Number of protein chains: 2
Amino acid sequence: MTRQIIVADDHPLFREALKAAVGRLEPGTGFVEADSVAALLAAVEAEPDADLLLLDLNMPGAQGFNALAHVRGTRPGLPVAIVSADDDPQTIASALRYGAQGFIPKSTEAGQIGRAVEAVLAGEIYTPPGYHPPRGSGATDEDLEIARRIAELTPQQFRVLGMLCSGLLNKQIAYDLDVSEATVKAHVTAILRKLGVATRTQAVLAAGRLATDRASVKPPPEDSD
Amino acid sequence: MTRQIIVADDHPLFREALKAAVGRLEPGTGFVEADSVAALLAAVEAEPDADLLLLDLNMPGAQGFNALAHVRGTRPGLPVAIVSADDDPQTIASALRYGAQGFIPKSTEAGQIGRAVEAVLAGEIYTPPGYHPPRGSGATDEDLEIARRIAELTPQQFRVLGMLCSGLLNKQIAYDLDVSEATVKAHVTAILRKLGVATRTQAVLAAGRLATDRASVKPPPEDSD
DNA sequence: CGCTGCCTTCGACCAAAGGCGAATTCCCCC
DNA sequence: GGGGGAATTCGCCTTTGGTCGAAGGCAGCG
C-alpha cells in the first residue's frame, strides 16, 4: 500500500520540488496535487485515506487559516503540515493552535523538508529548528472560536464562504457552482447560523480574522476620473 | 494666537502624557481631545484651523489607516503625526505613504516626543531615530488607490463606512446617527460609487485592506450548542 | 431491508440593500 | 445680496439577501 500525500500549493514549480524532497526518502509515495482551494477540497473528498496534507497558506481563495481550520474539522484524522514562505513565530504559533501537525518554512533545505514530513507522518509535531512559541500566541481565543465554527461547515458551505469573502453576489456564486440562486441562499443561511452572525458582511468579517493577508476584493474597474 | 493641537487616542492617560510632553515646550498650546473616531471627526470639523493632529492608529472604530487617509483627504492642510505602539518599519512606511507627516512610537521618551512634534509643526517629516524604509513598503499601489478613494468621502459618509466595517445594518446605522434609513442608504450608495464597488460587503473588504488589526465584528451571541 | 441522519437542492415568502430623483440647508465666492 | 455647488436628508421603486419549509440522494446501522 503506497501512502498518499496531498500537496496544496498554487506554485507548480514548488509542488514539484516538494514532491521530489519527500519522494526521495520513500519512492513509493503517491501524490495528489491541488493549486487552489477548490482543488484542495476536491482532493480531500476524493482521497479519504490520504496520510498527509501539505498546505500552503497563501493560496488563492483560501484566506489564511480558513482552509486549515476547515480541513481539520472535516477530516480530523488527516494530519496537516503547513508549508509557508511566511515563517515568523506568530504565524507558526497560529498554525499550531489551529491544529496543524507541523510547520515547514519554504526556506527549509530539501533534505530537511523530507525529514520534517517523515516526522509528521510518524505522529510528531514538527517546528523549524530554533522556533520558540512567542508570548502572545497570535491567535486569540475568539479567533479559535471562529475556527471551531468554520470547521463545522460542510465542504459546499465552505466553498460558498470563500466566495462570500471575495465579495461575490449570490447570483455569481450560483453561476460558478452551477446551482440555483435559491440553493446558494440556503448555503449562506447555514453559514450565518454556524458562524453565529446575521448577515453575509458579518460572516466575511469573521472569516477575515483568520486571514494572514488581505483579500484583494477585485480590481476596481474605475472608469470615471 | 495659541496654536491648536488635536489629540486623538482612546487612552485618557496617554492623552495626558502626550499633552504634557508637548505643552512643556510651548505653554500656550491649546488641545482638543478625541477618544474615538466619531470624536475625531467632530474635532476636525470644529477646529478647522488646528495646526496638528496627533493620531493613534488603534482607535476603536477607525481600523488602521482609514482615519489617516480620510483626514488627509478632507483636510489636506492639516499635518498628521501618527502615534502608535506598533512601531515596526512596515507600519511606519505605510503611515508615511498614506500621507502622515510624522511617526512617533509610543515608546518614545517624553522629551523626544516634544521635539518630534515641534519638528512636524515646523514642516519636517519626523521618523524615529534609526528608521530605514523597508524594501517592500507595506502599502501597495492598490492600497494607495483605496486610500485615495476613501479620502474623497465626506465626513458623514466616512462615519457610515466605519459602521459598515463593524457589520451594522442600515437600520442600526440610522438609529445611531439619528437619521432615516433612506438617508443611510443614500450614503451607502455614495460610498459604493466612490470606492468603485457594487455592494457593502465589497466596500468592507476594500476598507479592510487599510486595516492593521482585524476588526472584532461583534461578540457572537452564541446560544445553541 | 428499512430506517435515520446529513448534505444538497430548490421554490415561495419577507426583510434588507441599493438606485433614482428631489428638496433643503449651508457655505463659499462673486 | 445673490447665485452655485456640495452635503445631507428623504420617499419610492427595484434588486438582492435571507428565512422557512420541503423534497431527493446517499451513507451508515440495526
Side-chain angles (χ1 to χ4, degrees), chain A residues 41-42 44-46 48-49 70 73-75 151-161 163-206 224-225, chain B residues 38 41-42 44-46 48-49 70 73-77 150-161 163-206 224-225:
Chain A
L41 290 174
V44 169
E45 290 177 53
D49 298 326
H70 179 251
T74 53
R75 289 276 190 279
E152 293 176 353
L153 297 179
T154 70
Q156 192 77 324
Q157 288 165 7
F158 185 71
R159 286 190 195 94
V160 172
L161 176 59
M163 297 180 181
L164 290 185
C165 292
S166 300
L168 297 179
L169 304 181
N170 287 340
K171 192 177 296 184
Q172 302 175 282
I173 298 175
Y175 180 82
D176 287 351
L177 295 182
D178 196 33
V179 294
S180 92
E181 191 175 343
T183 300
V184 174
K185 291 181 180 179
H187 286 309
V188 171
T189 297
I191 293 170
L192 300 183
R193 269 175 165 24
K194 290 186 179 175
L195 295 191
V197 298
T199 71
R200 63 164 64 242
T201 300
Q202 293 173 354
V204 169
L205 287 170
S224 65
D225 65 315
Chain B
L41 291 173
V44 170
E45 290 177 52
D49 298 326
H70 179 250
T74 54
R75 289 277 189 281
I150 286 185
E152 293 176 353
L153 297 179
T154 70
Q156 192 77 324
Q157 288 165 6
F158 186 71
R159 287 190 193 94
V160 172
L161 176 59
M163 297 180 181
L164 290 185
C165 291
S166 299
L168 273 61
L169 304 181
N170 287 341
K171 192 178 297 185
Q172 303 175 283
I173 298 174
Y175 180 82
D176 287 352
L177 295 182
D178 195 33
V179 295
S180 92
E181 191 175 343
T183 301
V184 175
K185 290 180 181 179
H187 286 310
V188 172
T189 298
I191 293 171
L192 300 183
R193 269 175 163 27
K194 288 186 180 176
L195 295 191
V197 298
T199 71
R200 76 207 279 107
T201 299
Q202 292 173 353
V204 169
L205 288 170
S224 63
D225 64 314

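When reading the values below, keep in mind they use all heavy atoms of this one structure, side chains included, and skip hydrogens, waters and symmetry mates. Nothing here was measured: the structure is a model prediction, and the numbers come from that model. Every chain is numbered from 1, with letters handed out A, B, ... down the list of sequences.
dT15(D) atom P lies 12 Å from atom CD of E181(A), rounded to whole Å. Atom-to-atom, CG of D178(B) to C1' of dC10(D) comes out at 14 Å; the value is rounded to the nearest Å. Following rounding to the nearest Å, I191(A) (CD1) and dG17(D) (C1') show an atom-to-atom distance of 13 Å. In this structure, CD of E45(A) is placed 15 Å from P of dC26(D), rounded to the nearest angstrom. Distance CD (E152(B)) to P (dA7(D)): 10 Å, rounded to an integer number of Å. Here the P atom of nucleotide dT8(D) and the CZ atom of F158(B) are 13 Å apart, to the nearest Å. In this structure, CG of N170(B) is placed 15 Å from C1' of dT9(D), rounded to the nearest angstrom. Atom-to-atom, CG of L192(A) to C1' of dT19(D) comes out at 10 Å; the value is rounded to the nearest Å.
Proximity of T154(B) to the phosphate of dT8(D): a side-chain N or O atom is located under 4.0 Å from OP1 or OP2. One finds no side-chain N or O of R159(B) lying less than 4.0 angstrom from the OP1 or OP2 phosphate oxygen of dT8(D). For dT9(D), the OP1/OP2 oxygens have no side-chain nitrogen or oxygen of S180(B) closer than 4.0 Å. Within the structure, every side-chain polar atom (N or O) of T183(B) is placed at least 4.0 Å from both OP1 and OP2 of dT8(D).
Mapped onto DNA chain D by nearest heavy atom, T189(A) and K171(A) fall at different nucleotides, with K171(A) at the one closer to the 5' end.
Nucleic acid contact class of A186(A) (heavy atoms, under 4.0 Å, all strands): base.
Here the side chains of L177(B) and V160(B) are in contact, with some heavy-atom distance below 4.5 Å. Considering only heavy atoms from C-beta on, L168(A) comes within 4.5 Å of D176(A) through its side chain. Between H70(A) and L41(A) the shortest side-chain heavy-atom distance falls below 4.5 Å.
Distance CG/L164(A) to NE2/H187(A): 11.5 Å, rounded to 0.5 Å. Taken from CZ in R200(A) to CE in M163(A), the straight-line distance is 12.0 Å, to the nearest 0.5 Å.
Of the candidates dT9(D), dT19(D), dG17(D), the closest approach to any side-chain atom of V179(B) belongs to dT9(D). Comparing dC10(D), dT16(D), dG18(D) by their nearest atom to the side chain of K185(A) picks out dG18(D).
Contacts between chain B and DNA chain C, taken as any atom within less than 4.0 angstrom of a protein heavy atom, begin and end at dA16(C) to dC20(C).
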Exercise for the section: Could you check L195(A) against Q202(A) for side chain to side chain contact (heavy atoms under 4.5 Å, CB included), going step by step and ending with a plain yes or no? Expected result: CA-CA 9 Å; L195(A) 295 191; Q202(A) 293 173 354; over 6 Å; no
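Closest non-hydrogen pair, K194(A) versus E152(A), comes out as NZ-O, 2.9 Å.
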